[in-house]
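Just so we're clear, the structure is a prediction, and the values are computed from it rather than from any experiment.
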Amino acid sequence: MKPDKSYITIILRRLKKKYPDAVCSLTWRDPLQLLVATILSAQCTDIRVNIVTRDLFQKYRSARDFATAELSELEKDIHSTGFYRNKAKNIKAACTIIDEQYGGEVPAGMSKLIALPGVGRKTANCVLGNGFGIAAGVVVDTHVERLSHRLGLSESNSPEKIEQDLMQIFPESEWIDISHRLILLGRESCPARKPKCNSCVLGDICPRVGVGCSQ
């Protein structure tokens, strides 16, 4: 059942007031850096990724730099982000395509992005929304997935279906920012364990689906 419009309006109004300047927490300067950082963020905290990319982006400054890197060296450079072998392979392969097919520039299109190794809709939405200002969809990470269930915005366990539900619920103009705000709310008030419902900005209207709250 689709949530009531007044409920969605309240969610948007309160989250905007609570997090007026919500942005991507990854550190980046151009779409290529954002793409690499987002690939590294899989199963890793943004804090750890930002520590790693601080030196990584000094060493590798272009798609060609990543494409021509020794795989073993790149693995060593990103080791602490976890799953480093697969991440290094995907970054090198994706940057090879970007260098050879797109002149070193990250393509600004969903179909072209998800065709790159290691890039799914979540990564593509992050790059398009934050790197190019293109609202192609909604980033659904673990925080957004969890809050979508608890707030009664989606009953699906599939990130792709959750994204489609959110795209139907929220105006397109909110697609980029709503994920940032839900992520911040998830980190601050609604973690996986012991959500702080009584101090949450949405605590009085949230249906608390599947939740046992703490103070």
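- Rounding to the nearest 0.5 angstrom, the gap separating the CZ atom in R150 from the CG atom in L202 is 13.0 Å.
- Taking all atoms of both residues into account, the shortest heavy-atom contact from L32 to A63 is CD2-N, 3.2 Å.
- Checked against salt bridge (charged side-chain N to carboxylate O under 4.0 Å, His left out), R208 has no partners two or more places apart in sequence or in another chain.
- Smallest separation of non-hydrogen atoms from R146 and G186: NH2-O, 3.6 Å.
- Atom CD of E160 and atom CD of Q164 lie 9.0 Å apart (nearest 0.5 Å).
- Each of L71 and V36 belongs to its own hydrophobic cluster when Ile, Leu, Val, Met, Phe, Trp and Tyr are linked at side-chain heavy-atom distances under 4.5 angstrom.
- Annotation: the span from C200 atom SG to L185 atom CG amounts to 4.5 Å, rounded to 0.5 Å.
- The side-chain heavy atoms of D141 and V144, taken from C-beta on, include a pair separated by under 4.5 Å.
- In this structure a side-chain-to-backbone donor-acceptor pair under 3.5 Å is missing from K87 to I78.
- Residues passing the side chain to side chain donor-acceptor pair (under 3.5 Å) test with K161 are D165, sequence neighbours excluded.
- The two residues H149 and I162 make their nearest non-hydrogen contact at NE2-CD1, 3.8 Å.
- The salt bridge (charged side-chain N to carboxylate O under 4.0 Å, His left out) search around E100 returns none, not counting sequence neighbours.
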**Study point:** L153/L147 under side-chain contact (heavy atoms from CB on, under 4.5 Å): CA gap, chis, key distance, verdict
**Key:** CA-CA 8 Å; L153 305 179; L147 267 68; over 6 Å; no

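- Residues that satisfy the ring-ring contact (aromatic ring centres under 6.0 Å, His included) test with F170, not counting sequence neighbours, are absent from this structure.
- Within the 4.5 Å cutoff, the side chain of L40 has heavy atoms near those of the L56 side chain.
- Here the NE2 atom belonging to H143 is positioned 6.5 Å from the CD1 atom belonging to I183, to the nearest 0.5 angstrom.
- The side chain to side chain donor-acceptor pair (under 3.5 Å) test applied to D21 returns no partner, not counting sequence neighbours.
- R121 places no side-chain N or O within 3.5 Å of a backbone atom of V140 that could act as its donor or acceptor partner.
- Taking V209 as the reference, P207 meet the side chain to side chain contact (heavy atoms under 4.5 Å, CB included) condition, with sequence neighbours excluded.
- For the ring-ring contact (aromatic ring centres under 6.0 Å, His included) condition, the pairs that include at least one residue of residues 46-73, sequence neighbours left out, are Y60-F66.
- More than 12 non-hydrogen atoms from other residues, nucleotides or ligands lie less than 6.0 angstrom from NZ of K59.
- Using a cutoff of 4.0 Å between basic side-chain nitrogens and carboxylate oxygens, E174 and K16 are scored as salt-bridged.
- Screening residues 75-134 for ring-ring contact (aromatic ring centres under 6.0 Å, His included) gives H79-Y84 as the qualifying pairs, with residues at least two apart or on separate chains.
- Residues T38 and V49 have side chains not in contact (no heavy-atom distance under 4.5 Å, counting atoms from C-beta outward).
- For S80, the side chain to side chain contact (heavy atoms under 4.5 Å, CB included) partners are R48, V52, not counting sequence neighbours.
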Exercise for review: Begin with the C-alpha distance, continue with both residues' side-chain angles, and end with the deciding distance and a verdict on side-chain contact (heavy atoms from CB on, under 4.5 Å) for L182 and L15.
Suggested key: CA-CA 8 Å; L182 287 175; L15 290 182; 3.9 Å; yes

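- Looking at every heavy atom in both residues, V139 comes nearest to C126 through CG2-N, 3.5 Å.
- Under the 4.5 Å side-chain contact rule for hydrophobic residues, I176 and V127 do not share a cluster.
- Shown here for V201 and R14, the closest heavy-atom pair between the two residues is O-NH1, 3.0 Å.
- Placement of M167 and I134 in two distinct hydrophobic clusters is found when ILVMFWY residues are connected by side-chain heavy-atom separations under 4.5 Å, directly or transitively.
- Separating the CD1 atom in I11 from the CD1 atom in I178 is a distance of 7.5 Å, to the nearest 0.5 Å.
- Residues that satisfy the side chain to side chain contact (heavy atoms under 4.5 Å, CB included) test with D46, not counting sequence neighbours, are S25, L26, S41, R187.
- Counting heavy atoms from C-beta outward, K18 and E188 have side chains that approach closer than 4.5 Å.
- Two residues are said to be in side-chain contact when any heavy atoms from C-beta on lie closer than 4.5 Å; V138 and N125 fail this criterion.
- A donor-acceptor contact closer than 3.5 angstrom is absent between the side chains of S72 and E70.
- Scanning all heavy atoms of the two residues, the minimum distance from C206 to L151 falls at SG-CD2, 3.7 Å.
- Looking at L184 and R181, their side chains never come closer than 4.5 Å, going by heavy atoms from C-beta outward.
- You'll find the side chain of L128 reaches within 4.5 Å of the side chain of M110, heavy atoms only.
- Expressed to the nearest 0.5 Å, how far CG of D177 lies from SG of C24 amounts to 11.5 Å.
- Under the 4.0 Å criterion applied to side-chain N and carboxylate O atoms, E145 and K122 are not assigned as salt-bridge partners.
- Identified under the ring-ring contact (aromatic ring centres under 6.0 Å, His included) test for residues 2-42, with sequence neighbours left out: none.
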Practice item. Take L35 and L116, measure what side-chain contact (heavy atoms from CB on, under 4.5 Å) needs, and give me the verdict at the end. Key: CA-CA 11 Å; L35 175 66; L116 296 174; 4.3 Å; yes

Quiz: residues 88-98 side-chain donor-acceptor pairs under 3.5 angstrom, not counting sequence neighbours:
{"from": "N90", "atom 1": "ND2", "to": "N86", "atom 2": "O", "distance (Å)": "3.3"}
{"from": "K92", "atom 1": "NZ", "to": "A67", "atom 2": "O", "distance (Å)": "2.6"}
{"from": "K92", "atom 1": "NZ", "to": "A69", "atom 2": "O", "distance (Å)": "2.8"}
{"from": "T96", "atom 1": "OG1", "to": "K92", "atom 2": "O", "distance (Å)": "2.8"}

